[in-house]
Amino acid sequence: MSVRWGIAGFGWVARDYMAPGIEAAGGTLVAIADPSPLAQASAGSAGLLTFDDTTTMLADGGVDCLYVATPNHRHADPVRAAMAAGVPVLCEKPIAATLADAEAIGAAVGDRLYGTAFDQRHHPAHRAMAAAIRDGAIGRPIAVRIVYACWVDPAWSPDGSEGGACNWRADPAAAGGGAVIDLALHGLDLAELLLGEPLARLHIDLQRRIHDYPVDDGGILSGRTGGGILFQSHVAYNCAEVLPRRRLEVLGEHGLLVATDTMGQTAGGTVTLSCGRTGAESALAFDAAMSPFAAQAAAFAAATRGGPHDFSIDRDLSLMRLFDAAYARALSCL
């Protein structure tokens with residue numbers, strides 16, 4: 001039987017990426033909870049049930065699991081409602097806009113099924129890279145290097161119209177920060193997947209260089225795992241979309257894996273394996289037709305049926321604590 005999904009917060013990510021991902025994964029989106037007339041009109045035109053709030057949707061919508069895609073500061077109530085109703089939750093990253101709210105969500109979840117929507121963890125290219133690293137394709141990992149950037153100016157809106165939908169990602173209260181909290185956590189979580197061990201130290205430098213809003217428009221992160229593997233990431237809201245802006249490298253003692261245009265919402269990209277002895281290059285095969293959202297939806301649906309999975313509120317909270325401490329230090333220097 002198809003897993004029936006509900007969505008809390010039917011903005012552009014949910015509408016344009018997660019909804020198609022659910023369908024591609026064999027699930028069924030049945031209902032949305034969002035008081036916005038535009039969201040309800042969009043969902044209604046697609047034949048979905050529409051509700052003003054999550055509690056009512058969970059009571060009346062007949063959903064098996066919930067995807068939360070509200071602004072970051074509004075994650076807690078839908079998650080609590082779902083936990084109270086016994087419905088598993090996949091919640092957009094970060095867990096919340098503040099660490100205090102994230103800890104409260106963790107307490108509400110307990111040992112029930114919850115996943116933070118780190119979709120990059122599920123991208124077929126990144127799963128193939130993780131398997132290659134485990135199999136020794138590059139020898140012992142030495143460093144992870146990431147560039148993950150885009151253009152989000154103060155007037156940005158998902159439909160491309162000036163002054164359109166509110167850009168809450170540039171609102172410190174709603175988002176909890178700017179480019180760094182929005183983009184960097186993907187890379188941090190992905191590095192832990194690729195390396196098979198958590199980060200132990202993290203440093204962040206922020207910039208507010210180009211855009212006139214009260215949050216960071218870029219940042220550099222650096223750190224290391226307990227085993228000594230280095231991590232470096234540049235994330236930005238101030239990089240023109242036409243420039244090269246999505247690159248992931250994992251350097252090992254015997255080779256290098258380079259993923260180009262895999263980080264993001266869409267399927268595809270390329271992964272190249274370079275030999276450290278000869279310089280010979282070969283393509284790493286993966287399912288280039290499956291988006292990270294579809295892969296994530298399939299993995300979470302399997303988890304709701306009791307299948308093996310790697311969703312973990314404890315792991316995600318540990319990463320949030322590490323990030324929050326480093327981000328607070330960075331804010332004091334901005």
Side-chain angles (χ1 to χ4, degrees), residues 118-150 183-205 219-236 239 243-296 298-299 308-310 312 315 318-319 322-323:
F118 288 122
D119 53 271
Q120 297 307 296
R121 167 178 284 268
H122 301 279
H123 195 299
H126 302 155
R127 289 285 178 168
M129 292 174 72
I133 293 166
R134 286 196 306 271
D135 291 343
I138 59 172
R140 289 174 294 179
I142 296 168
V144 174
R145 302 185 291 244
I146 295 173
V147 174
Y148 189 26
C150 57
L183 301 175
L185 282 161
H186 274 308
L188 293 167
D189 175 74
L190 180 54
E192 293 190 351
L193 169 74
L194 295 171
L195 302 175
E197 59 180 278
L199 291 162
R201 293 209 311 248
L202 184 65
H203 174 81
I204 302 174
D205 279 306
I220 292 283
L221 299 88
S222 61
R224 55 166 284 173
T225 69
I229 306 169
L230 300 179
F231 173 85
Q232 181 186 60
S233 174
H234 172 215
V235 297
C239 177
L243 298 175
R245 56 188 181 84
R246 293 188 292 156
R247 184 178 175 91
L248 164 66
E249 300 180 358
V250 186
L251 174 66
E253 61 181 329
H254 300 316
L256 175 69
L257 282 165
V258 178
T260 304
D261 293 337
T262 58
M263 297 194 71
Q265 292 101 341
T266 56
T270 61
V271 182
T272 302
L273 171 62
S274 298
C275 176
R277 292 182 292 274
T278 67
E281 296 183 349
S282 59
L284 190 67
F286 62 92
D287 184 350
M290 176 172 278
S291 79
F293 281 86
Q296 177 179 242
H309 65 86
D310 62 356
S312 170
R315 181 194 65 227
S318 293
L319 183 60
L322 181 72
F323 174 85

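Because only heavy atoms are used, hydrogens play no part in the values below, and waters and symmetry mates are left out as well, while side chains stay in. Position 1 is the first residue of the sequence; numbering continues from there.
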Between OH on residue Y148 and CZ on residue R245, distance to nearest 0.5 Å: 8.5 Å

With sequence neighbours excluded, give me every ring-ring contact (aromatic ring centres under 6.0 Å, His included) pair touching residues 123-142. H123-H126

Compare every heavy atom of I146 with every heavy atom of G187, then report the nearest pair and how far apart it is. CA-CD1, 3.6 Å

Is there a side-chain contact between L284 and M129 in this structure, where contact means two heavy atoms from C-beta onward sitting under 4.5 Å apart? yes

Does the side chain of L194 reach to within under 4.5 Å of the side chain of L248, using non-hydrogen atoms? yes

Is there side-chain contact between D310 and R315, with at least one heavy-atom pair below 4.5 Å? yes

For E249, all residues meeting side-chain hydrogen bond (donor to acceptor under 3.5 Å, both in side chains), sequence neighbours excluded: R145, R247

Is any side-chain heavy atom of L193 closer than 4.5 Å to one of R127? yes

Only pairs under 3.5 Å count here: list side-chain donor-acceptor contacts from residues 220-236, not counting sequence neighbours, and write none if there are none.
unit_1: T225; atom_1: OG1; unit_2: E197; atom_2: OE1; d: 2.7
unit_1: T225; atom_1: OG1; unit_2: G227; atom_2: N; d: 3.2
unit_1: T225; atom_1: OG1; unit_2: G228; atom_2: N; d: 3.3
unit_1: T225; atom_1: OG1; unit_2: I229; atom_2: N; d: 3.1

Backbone of L199 reached by a side-chain donor or acceptor of E192 within 3.5 Å: yes

Hey, are the side chains of S291 and Q265 touching, using non-hydrogen atoms and a 4.5 Å cut-off? no

Can you sort out the partners of D261 under side-chain hydrogen bond (donor to acceptor under 3.5 Å, both in side chains), two or more places apart, ordered by chain and number? none

Does D119 reach the side chain of H186, with side-chain heavy atoms less than 4.5 Å apart? yes

Contacts under 3.5 angstrom, residues 130-138 side chains, donor-acceptor by atom type, not counting sequence neighbours:
none

Residue pair L183 / C150, side-chain heavy-atom distance below 4.5 Å: yes

State the CZ-CG distance between R140 and L251, to the nearest 0.5 angstrom. 12.5 Å

Without placing hydrogens or testing angles, list every side-chain donor-acceptor pair under 3.5 Å for residues 266-282, not counting sequence neighbours.
unit_1: T278; atom_1: OG1; unit_2: A280; atom_2: N; d: 3.1

Could you report the tightest heavy-atom contact between L322 and A200, atom names first, then the distance? CD1-O, 3.9 Å

Just wondering, do L185 and F118 contact through their side chains at under 4.5 Å, heavy atoms? yes

